[in-house]
Amino acid sequence: MVKAKIKTVSRITNASALARELGVTREHLWRVVTGRRESRRLAAELRKRGIEVAKEGK
């Protein structure tokens with residue numbers, strides 16, 4: 001019997017445009033949102049815009 005997995009995927013629409021507006025790369029933006037990289041300035045701006053930022057290391 002095969003065990004199915006349910007996975008929730010997060011997406012940021014217009015991530016490239018948002019990254020350009022914030023002066024960072026799309027990759028850096030994604031890493032901050034997913035908690036793989038820390039940037040207090042970027043995290044604060046994203047929260048202000050209503051984008052949830054994961055804690056670092058998760």
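The figures that follow rest on heavy atoms only: side chains count, while hydrogens, waters and symmetry mates do not.
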Q.
Under the rule for salt bridge (Lys or Arg N to Asp or Glu O under 4.0 Å), what residues qualify as partners of K5, not counting sequence neighbours?
A. none
Q) Is a salt bridge present between R31 and E27, judged by a nitrogen-to-oxygen distance below 4.0 Å? A)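 A salt bridge links R31 with E27.
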Q: Could you tell me whether E45 and R47 make a salt bridge, using a distance below 4.0 angstrom between a side-chain N and a carboxylate O?
A: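 Salt bridge: no.
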Q) Can L42 and H28 be said to form a side-chain contact (heavy atoms from CB on, under 4.5 Å), step by step? A) CA-CA 10 Å; L42 188 54; H28 180 66; 3.6 Å; yes
Q. Mind checking what makes side-chain hydrogen bond (donor to acceptor under 3.5 Å, both in side chains) contact with E21, not counting sequence neighbours?
A. R49
**Q.** Nearest non-hydrogen partners of V32 and S39, listed with the distance
**A.**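 So the two residues come closest at CG2-CB, 3.9 Å.
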**Q.** Audit row: L18, T13, side-chain contact (heavy atoms from CB on, under 4.5 Å) steps and yes/no
**A.** CA-CA 9 Å; L18 177 59; T13 54; over 6 Å; no
Q: Can you measure from CD (E52) to CG (L46) and round to the nearest 0.5 angstrom?
A: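 So the gap between those two atoms works out to 11.5 Å.
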Q) Do the side chains of L29 and R20 get nearer than 4.5 Å, heavy atoms only? A)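 Sidechains of L29 and R20: no contact.
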Q | Pair R36, T34: side-chain N/O donor-acceptor within cut-off below 3.5 Å | A |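 R36 vs T34: donor-acceptor pair found between side chains.
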